[in-house]
Amino acid sequence: MGTTSNAGASFSVVDSAGKSVLSGKVGASTGKWSTAYTAVYPIDISALKTAGTYQIKVGSTVSPSFKVDSANALFSPIADDVVKFFQAQRDGADVISGVLNRKPSHLTDKSASVYNVPTFTGDDTISSKMSKTGATIDASGGCSTRATSSSSR
């Protein structure tokens with residue numbers, strides 16, 4: 001991304017020791033990213049295969065550092081954190097205590113009311129009264145949620 005033309009400029013990829021490991025030419029602009037960045041320039045680094053930490057340099061501009069590694073090495077820590085997050089968010093009888101030392105909760109939420117979509121102001125403040133639809137759902141957890149009309153009970 002940039003605010004000045006970089007098409008055709010030389011780029012280099014440097015490793016954590018500052019050694020250039022790949023070089024090439026910046027591609028033509030693919031259009032603007034936003035009003036702040038009026039052009040996006042492709043840089044082909046697909047030949048970069050060696051695991052390590054790198055930066056891309058175009059003129060005096062230097063990218064933030066990024067890592068190249070196997071998918072497992074890059075994404076396993078993220079996947080582990082995502083699983084921990086969802087475990088921490090879980091409610092019901094089968095809570096996994098995890099790092100928050102959670103206890104079973106919402107054990108009486110077998111029936112929850114369903115509300116109509118409220119009206120919002122421009123800053124996302126609810127500006128209308130909340131009104132029930134008459135339907136209820138089983139909010140106690142599990143894989144399925146079933147809405148029922150209060151008139152059919």
Side-chain angles (χ1 to χ4, degrees), residues 1-92 94-102 105-106 109 112-133 135-148:
M1 295 183 290
T3 56
T4 59
S5 178
N6 285 307
S10 294
F11 76 86
S12 63
V13 177
V14 296
D15 64 16
S16 57
K19 178 185 170 196
S20 180
V21 296
L22 180 68
S23 61
K25 297 287 185 187
V26 174
S29 175
T30 59
K32 76 179 193 175
W33 178 266
S34 66
T35 54
Y37 297 103
T38 55
V40 175
Y41 298 95
I43 296 176
D44 182 4
I45 60 169
S46 60
L48 190 58
K49 306 286 186 195
T50 304
T53 302
Y54 301 94
Q55 290 181 294
I56 299 172
K57 294 184 176 185
V58 179
S60 62
T61 303
V62 181
S63 76
S65 296
F66 62 93
K67 290 183 179 185
V68 171
D69 210 327
S70 69
N72 190 47
L74 293 172
F75 296 112
S76 286
I78 295 168
D80 292 344
D81 288 344
V82 169
V83 168
K84 287 177 189 170
F85 170 80
F86 283 114
Q87 288 174 343
Q89 297 301 311
R90 187 174 181 166
D91 283 330
D94 298 326
V95 168
I96 298 168
S97 66
V99 296
L100 298 178
N101 196 27
R102 300 277 314 276
S105 59
H106 298 277
D109 290 354
S113 297
V114 178
Y115 290 82
N116 288 309
V117 176
T119 305
F120 294 89
T121 63
D123 65 353
D124 287 338
T125 301
I126 296 175
S127 61
S128 64
K129 286 189 169 194
M130 298 294 291
S131 61
K132 292 181 180 181
T133 65
T136 58
I137 61 167
D138 178 352
S140 60
C143 296
S144 63
T145 303
R146 180 175 54 88
T148 60

Give the table of side-chain donor-acceptor pairs shorter than 3.5 Å for residues 112-124, with sequence neighbours excluded, one pair per line with atom names and distance.
| residue | atom | partner | partner atom | Å |
| --- | --- | --- | --- | --- |
| Asn116 | ND2 | Ser131 | OG | 3.0 |
| Thr121 | OG1 | Asp123 | OD1 | 2.4 |
| Thr121 | OG1 | Thr125 | N | 3.3 |
| Thr121 | OG1 | Thr125 | O | 3.4 |
| Asp123 | OD1 | Thr125 | N | 3.3 |
| Asp123 | OD1 | Thr125 | OG1 | 2.8 |
| Asp123 | OD2 | Thr125 | OG1 | 3.4 |

Taking only distance into account, with no hydrogens and no angle test, what donor-acceptor pairs under 3.5 Å do side-chain atoms of residues 11-25 form with protein atoms, sequence neighbours excluded?
| residue | atom | partner | partner atom | Å |
| --- | --- | --- | --- | --- |
| Asp15 | OD1 | Ala17 | N | 3.0 |
| Asp15 | OD1 | Gly18 | N | 3.1 |
| Asp15 | OD1 | Lys19 | N | 2.9 |
| Lys25 | NZ | Ser10 | OG | 3.1 |

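The two atoms that bring Gln89 and Arg102 nearest to each other are C-NH1, 3.9 Å, heavy atoms only. Taking every heavy atom of both residues into account, Thr133 and Ala135 meet most closely at OG1-N, 3.1 Å. In terms of heavy-atom proximity, Leu74 sits nearest to Ile78 at O-CD1, 3.8 Å.
A distance of 11.5 Å separates CG in Leu100 from NZ in Lys84, rounded to the nearest 0.5 Å. From Phe66, atom CZ reaches atom CG of Leu48 across 6.0 Å, with rounding to the nearest 0.5 Å. How far OG of Ser65 is from CD of Gln55: 4.0 Å, rounded to the nearest 0.5 Å. Rounding to the nearest 0.5 Å places CD1 of Ile56 at 4.5 Å from CD1 of Ile45.
For the residue pair Ser70 / Asn72, no side-chain donor-acceptor distance below 3.5 Å is found, with atom types taken as modelled.
For the pair Arg90 (side chain) and Ile96 (backbone), a donor-acceptor distance under 3.5 Å is absent.
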